[in-house]
Amino acid sequence: MGIFDWLTLLEWFAILRIGVGLWWLESVRHKPLRSFLRGGAMGWVEKLVGDDHPVPPYARFIRRVVLSSESRRVWNSRLVVLAEASVGLSLVLGLLTPLGLVVGLFLNLNYLLLVGLTDQGEQGQNLMMILAGAVLLGAGAWRVWSLDNLIF
């Protein structure tokens, strides 16, 4: 019996799912929430999507949709926190897990594009979260130790 034979493959995927979910919750926890929820991070976003952004269509989209008014800056900041918390809870609890994984993949892809696929920020983390999310989605990581498995 090997060292990893004490759990099934699906149980190992469930551990990874829960760990990724905890990482999403940590992403919310480490934010300066009062400032962030008032749009405080949008100055940083504005600097990232300047005229020299390596993906000009994406930068134009962010400037027009996210940064075009103070209310949109605040609304989008709150949406980011809500999305990250929802993904984290979805994965930890195993509730609506496929949806949580897809939203997480979308968030990480947007974070990659925001920084412009450069070496800034936490690109390695975003790439690993995309990889983990894709593996968990493909493996059906909600089939054990999850509310999805109990409900559906």
Quick one: does [X]'s side chain have a donor or acceptor within less than 3.5 Å of a partner on [Y]'s backbone?
| X | Y | answer |
| --- | --- | --- |
| Lys31 | Ser27 | yes |
| Asp148 | Trp142 | no |
| Arg63 | Val49 | yes |
| His53 | Leu114 | yes |
| Arg17 | Trp145 | yes |
| Glu11 | Thr8 | yes |

Query - Worked check of side chain to side chain contact (heavy atoms under 4.5 Å, CB included) between Leu89 and Leu95 - result: CA-CA 8 Å; Leu89 288 173; Leu95 179 62; over 6 Å; no
Query raised in the report: Under a 4.5 Å cut-off applied to non-hydrogen side-chain atoms, are Phe36 and Val80 in contact?
Result: yes
Query raised in the report: Should Tyr58 and Asn110 count as side-chain neighbours, where that means a heavy-atom distance under 4.5 Å?
Result: yes
Report summary line: The side-chain contact (heavy atoms from CB on, under 4.5 Å) partner of Asn108 among Val103, Leu131, Asn126 is Asn126
**Report entry** Stepwise side chain to side chain contact (heavy atoms under 4.5 Å, CB included) test for Leu37 and Val74
**Finding:** CA-CA 6 Å; Leu37 292 173; Val74 170; over 6 Å; no
Using the rule that Ile, Leu, Val, Met, Phe, Trp and Tyr join whenever any side-chain heavy atoms are under 4.5 Å apart, tell me whether [X] and [Y] fall into a single cluster.
| X | Y | result |
| --- | --- | --- |
| Met42 | Val115 | yes |
| Phe106 | Met129 | no |
| Leu16 | Met128 | yes |
| Leu147 | Leu22 | no |
| Ile62 | Trp75 | no |

[atom2] on [Y] to [atom1] on [X], rounded to 0.5 Å:
| X | Y | atom1 | atom2 | result |
| --- | --- | --- | --- | --- |
| Glu46 | Leu67 | CD | CG | 5.5 Å |
| Leu25 | His30 | CG | NE2 | 12.5 Å |
| Arg38 | Leu33 | CZ | CG | 10.5 Å |
| Leu91 | Leu99 | CG | CG | 10.0 Å |

Could you tell me which non-hydrogen atom of [X] sits nearest to which non-hydrogen atom of [Y], and how far apart they are?
| X | Y | answer |
| --- | --- | --- |
| Arg72 | Val65 | CD-O, 3.1 Å |
| Ala59 | Gly50 | CB-O, 4.5 Å |
| Leu10 | Val144 | O-CG2, 3.3 Å |
| Gly104 | Trp24 | O-CZ2, 3.7 Å |
| Ser90 | Gly100 | OG-CA, 3.5 Å |
| Gln125 | Trp23 | NE2-NE1, 3.0 Å |

Requested in this report: Check step by step if side chain to side chain contact (heavy atoms under 4.5 Å, CB included) holds for Leu105 and Leu137.
Outcome: CA-CA 10 Å; Leu105 289 168; Leu137 192 58; 4.2 Å; yes
Requested in this report: In sequence, state the C-alpha distance, the side-chain angles, and the governing distance for Val66 and Arg73, and then conclude on side chain to side chain contact (heavy atoms under 4.5 Å, CB included).
Outcome: CA-CA 6 Å; Val66 175; Arg73 289 170 179 251; 5.7 Å; no
